[in-house]
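Within every chain, numbering begins at 1; the chains are lettered A, B, ... in the order of the sequence lines, protein sequences first and strands thereafter.
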Amino acid sequence: MDATVILRVSAPLLLWVPMALSLYLLLRGHNDPGGGFVGGLVGAAGLVFHAIARGHAAALRVMRLPPASWCGLGLLLAAASGLLAWLDPQAGYLTHRWWFADVGVTLPIGTALLFDIGVYLVVVGTITAMSFALVAED
Amino acid sequence: MSIAPVFLLALPLGLGFAAAAAVPAMRGRGAAQLGAVTAAVALLVYLLAAPGAAEPEGLRAGFWAVPSLGIAGGLRLDGLSLVFVLLIAGIGALVLLYAGRYLKGDPRLPRLITLLLLFMVAMLGAVTADDVVTLFVFWELTSLASFFLVGYDHEKPGARKAALQALLVTAGGGLALLAGLILAAVAAGTTSLSGIIAAREAVLAHPAAAPAMLLIILGCFTKSAQFPFHFWLPNAMAAPTPVSAYLHSATMVKLGVYLLARLNPIYQHEALWQDVLTTAGLLTTATGALMALRESDLKRVLAWTTVTALGTLTMLIGLAPALSATAAVTFLVVHALYKAALFLVAGIVDHETGTRDAAALGGLRHAMPLTALAAVLAAFSMAGLPPFVGFVAKEIVYEAKLASGSLAGPAAMVGFLVNAAMVAVAGLMSWRLFFGPRRPTPQVPHDPPKSMLAGPILLATLGLLAGAAPSLLGEWLVDGAVASILGAPASAPLKFWHGFTPVLALSVATIGFGLLLLILWERLMPRLRRTAALDRLDTARGYEAALAGIVSWSDGTTRTVQHGSLRGYMRVLLLTCALVPLALLAWRGGLARPEGAPLDPRALAFLLIALGAIACALARGTFAAVMALGLVGFATAVVFLTFGAPDVALTQFTVEVLLVVILATVLIRLPVRARDSRTARQRGADAAVAGVVGLSVTLALMAVLAEPFDPRLAEWFGAQSVPGGHGRNVVNVILVDFRALDTLGEIAVLAIAAFAVLALLRGTKAERQAGG
């Protein structure tokens with residue numbers, strides 16, 4: 001696909017701004033609108049823009065791993081985050097554990113974040129897998 | 001016992017899995033040696049655990065639990081399990097050692113070792129599981145391992161077919177077993193195996209007691225190749241010989257027998273249980289013996305005698321006298337020892353001479369004296385000759401049959417004929433192969449290296465030693481297992497010499513008749529093979545017919561349901577989604593109008609949605625339709641935003657952006673001026689479908705709004721979000737914490753959908769390339 005000069009030049013911006021935004025959405029999701037699902041969608045949008053501007057081979061290079069692997073890793077991470085629940089023998093699967101890091105303010109960190117990162121990876125992987133497959137050069 | 005039971009019971013499983021994971025990275029014989037060492041360590045651990053298993057309660061360890069489903073998993077090692085784990089780990093070590101040499105130089109050797117190790121762990125897990133869920137998972141894992149191992153030579157169509165057959169029969173039976181176990185667990189109110197056995201009265205009093213029992217029996221019969229499911233076992237001989245020795249004679253096929261024995265304390269006094277088990281056992285025994293005499297392929301001969309042995313075991317469990325349990329366990333151990341040895345010998349002969357056709361072999365004793373020794377030792381045990389343990393087993397099996405009351409006559413009669421056939425096969429495996437005239441073979445044979453000889457010689461020698469001191473075997477191993485089978489301690493001392501009893505006379509007659517069969521074998525075998533009536537015993541034809549029926553049936557339904565017209569699919573989907581709720585609403589009287597609530601000014605956003613929908617419907621080109629659809633999406637997001645759901649709105653916005661971008665990139669590749677190609681009539685029909693869907697949704701929403709709003713869930717989540725989930729965003733906390741399992745399921749569906757799309761698009765691309 002031939003992209004216009006404008007699109008080609010602005011490609012890095014169209015990739016990295018959504019990517020940064022997606023990570024921001026992912027991390028703040030527990031307290032403000034956002035989360036792994038929306039974050040993943042925004043991140044995927046950035047990658048799809050990149051695929052339009054530079055071709056999907058370039059977007060695949062940015063991703064390092066094939067989209068299907070993103071899906072797999074995400075599922076694995078989400079599923080594994082629930083296993084940590086068994087550090088407490090009474091807790092059921094996917095009961096999230098929390099640690100409270102003290103960095104000036106108390107920052108709760110939990111396995112819920114790992115789970116959300118898993119969601120993020122699966123969403124990015126799914127959307128990119130589908131759209132790259134659709135626009136793949138024959 | 002100072003070592004925790006958890007450790008003793010879990011260590012072999014963990015080690016096995018770890019070794020199975022490590023093996024693919026290794027090459028050649030190192031892999032086999034690692035496997036053999038792992039199995040040997042497992043054997044050692046179980047020997048350490050043996051004293052604990054001898055206690056009345058056995059060794060017990062809880063492991064995992066899903067409290068919300070009422071499942072508590074655990075492992076338990078009692079007398080019955082001990083017999084099995086020792087056989088599995090012990091024979092496993094020898095077979096793995098043997099396999100490394102047998103398939104020397106084969107690049108796929110690590111794969112074989114991995115599968116064998118996985119199988120070993122699955123077997124160990126299945127026979128030490130103390131809850132039906134763990135048992136079932138390991139049970140199915142053995143079927144899977146068997147599938148891959150039978151299909152090891154997957155380039156050969158025969159091996160693939162045999163593998164599929166073994167899988168369909170055993171896994172199909174596995175489904176029946178699952179249903180039966182669930183029914184039994186529901187009746188007992190626990191999934192724990194020992195709990196179910198303890199709740200015997202409740203299990204038997206349940207209305208579904210008989211179906212549960214029959215389903216469990218069905219699962220066990222398919223696994224243990226009982227008539228009429230026996231056909232898969234001889235076909236499974238497509239597997240490499242070490243696999244046949246291990247899975248399809250010594251261990252896996254006995255898993256069904258294991259479960260029957262395990263559940264015997266519940267059902268032992270039920271007439272139906274006794275009848276089904278003895279009848280199927282007798283039929284299986286007779287079929288196996290007859291078929292064994294029709295074959296000349298060493299492995300198939302041995303496979304049919306395994307069918308015979310499995311039938312004998314099933315029958316013995318079904319027989320009422322306590323003595324039959326002792327007979328069953330003794331025979332089980334004896335059979336595993338001699339049959340594994342004979343299979344390994346058959347493998348050696350095949351490996352060294354290049355053929356395993358009994359008719360073409362003979363006089364090998366000079367070329368391979370040590371193999372001959374192993375074969376003779378094992379064959380003597382199989383034939384039930386003194387002083388081998390096979391003799392002890394045969395005597396007590398006869399005794400059990402004669403003590404079984406009304407069944408004594410037929411059981412002893414079939415037993416006599418079958419044992420004679422076993423004598424003949426034993427003679428075939430020893431006298432015919434290694435003595436008599438030397439017949440020319442494709443390769444010049446000699447004794448194989450030590451690692452291949454170790455298995456058969458050790459196993460055959462164990463048969464001799466156990467025969468020399470049967471009471472030791474009885475006290476140390478058999479009594480504990482018998483106590484598990486009967487659900488009460490029992491002791492029937494194993495003796496070598498019973499005096500001049502009818503049983504001894506029967507034994508002598510058996511051996512005489514067996515020798516006669518052996519002498520006549522060369523003439524008898526082809527005649528039996530030509531006897532068409534015996535072909536009917538090969539129930540594989542029924543299996544083939546059922547399989548063909550399923551294929552043609554699904555062919556038919558696929559052609560009607562999946563006609564390939566996308567528009568047709570959409571119409572069916574939409575109309576179903578619209579008409580089913582509509583019909584339900586009308587039928588159950590749910591149609592209602594909400595009380596006149598004032599019109600909210602925010603509802604103006606809905607005008608935008610309507611505008612987009614109308615534009616989409618009227619759009620002449622595809623591109624314009626996509627844009628109009630985008631308007632609908634964004635307007636929906638505005639609605640979410642104004643009604644206080646910023647999270648959902650954010651998601652909706654992003655989805656819309658993505659959808660428009662992706663659709664646009666796809667459309668760019670299509671002819672841009674693609675016009676609506678539908679006729680006026682088609683457009684009318686589509687409009688009607690759209691109208692019905694709209695009507696249905698509207699009526700459903702009105703019915704919903706007419707109900708008073710129940711805020712309890714929303715309030716609970718709002719109140720619990722920060723203290724329970726440490727997050728102020730309730731939606732996100734619900735997604736990743738309160739209902740995380742749902743989310744896990746959703747992202748799994750998402751990933752599966754991605755894979756499906758990849759496969760679909762790749763498929764059409766390949767088709768296009770192939771077509772043009």
Side-chain angles (χ1 to χ4, degrees), chain A residues 1 25 28-42 44-45 48-49 51-52 67-68 70-72 74-75 78-79 81-82 86 89-90 92-96 98 100 108-113 115-116 118-119 121-123 125-136 138, chain B residues 62 64-69 645-658 661-666 668-669 721-722 724-729 731-733 735-744 746-762 765 768-769:
Chain A
M1 178 188 326
L25 281 173
R28 76 168 203 161
H30 218 54
N31 288 318
D32 300 290
F37 196 77
V38 184
L41 287 174
V42 173
V48 173
F49 284 145
I52 295 172
W70 282 60
C71 286
L75 266 186
S81 75
W86 285 330
Q90 300 301 315
Y93 177 61
L94 275 172
T95 305
H96 289 303
W98 290 89
F100 299 93
I109 294 180
T111 49
L113 182 63
F115 186 86
D116 223 11
V119 175
L121 294 177
V122 172
V123 171
T126 303
I127 307 256
T128 50
M130 289 184 179
S131 62
F132 290 179
L134 277 170
V135 302
D138 303 273
Chain B
W64 55 281
V66 186
S68 49
L69 296 177
D647 240 295
V648 188
L650 186 59
T651 309
Q652 178 76 23
F653 274 127
T654 327
V655 167
E656 283 309 322
V657 170
L658 266 171
V661 168
I662 292 174
L663 279 176
T665 52
V666 172
I668 285 173
R669 322 180 131 255
S721 179
V722 172
H726 303 282
R728 289 188 306 276
N729 180 354
V731 177
N732 189 261
V733 172
L735 278 178
V736 303
D737 201 334
F738 293 139
R739 318 243 15 131
L741 197 61
D742 293 354
T743 312
L744 189 61
E746 280 158 22
I747 59 176
V749 170
L750 211 57
I752 292 166
F755 293 146
V757 167
L758 279 181
L760 195 70
L761 290 176
R762 204 166 287 166
K765 201 180 287 175
R768 248 183 290 144
Q769 276 162 1

Is A:Leu25 close to chain B through its backbone or its side chain, or both, or neither, when contacts mean heavy atoms under 4.5 Å? side chain

Chain B heavy atoms under 4.5 Å from A:Val42: which part of the residue, side chain, backbone, both or neither?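 Contact with chain B: backbone and side chain both.
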
Can you see which heavy atom on [X] is nearest to which on [Y], and at what distance?
X: B:Ile747; Y: A:Ala78; value: CD1-CB, 3.7 Å
X: B:Leu658; Y: A:Ala44; value: CD2-C, 4.3 Å
X: A:Ala133; Y: B:Leu758; value: CB-CD2, 3.8 Å

Between B:Val657, B:Val648, B:Thr743, B:Val722, which shows the greatest number of heavy-atom pairs under 4.5 Å with chain A?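 The answer is B:Thr743.
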
Could you walk me through whether B:Leu744 and A:Phe115 pass the side-chain contact (heavy atoms from CB on, under 4.5 Å) test, one step at a time? CA-CA 9 Å; B:Leu744 189 61; A:Phe115 186 86; 4.2 Å; yes

Drop me the distance from B:Glu656's CD to A:Leu41's CG, to the nearest 0.5 angstrom. 11.0 Å

Rounded to the nearest 0.5 Å, what's the gap from CG on B:Leu750 to CE on A:Met130? Could you check? 6.5 Å

Run the side-chain contact (heavy atoms from CB on, under 4.5 Å) check on B:Leu735 and A:Val119 step by step: do they pass? CA-CA 10 Å; B:Leu735 278 178; A:Val119 175; over 6 Å; no

Answer with side chain, backbone, both or neither: which region of B:Ala753 has an atom nearer than 4.5 Å to a non-hydrogen atom of chain A?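 Both parts, backbone and side chain.
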
So which part of B:Val757 gets closer than 4.5 Å to some heavy atom of chain A, the side chain, the backbone, both or neither?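 For B:Val757, side-chain heavy atoms alone lie under 4.5 Å from chain A.
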
When only pairs under 4.5 Å are counted, which of A:Ala68, A:Gly82, A:Gly110, A:Ala112 shares the most heavy-atom pairs with chain B?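 With the most close heavy-atom pairs to chain B, the winner is A:Ala68.
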
Sort out for me which residue in B:Asp647, B:Asn732, B:Val731 forms a side chain to side chain contact (heavy atoms under 4.5 Å, CB included) with A:Pro33.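 Testing A:Pro33 for a side chain to side chain contact (heavy atoms under 4.5 Å, CB included) against B:Asp647, B:Asn732, B:Val731 leaves exactly one candidate, B:Asp647.
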
Are A:Ile127 and B:Ile662 close enough that some pair of their side-chain heavy atoms sits under 4.5 Å apart?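 In contact.
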
Got a donor-acceptor contact below 3.5 angstrom from the B:Asn729 side chain to the A:His30 backbone?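 Absent.
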
Are there more than 12 heavy atoms of other residues, nucleotides or ligands under 6.0 Å from atom CZ of A:Arg28?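 Above 12, so yes.
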
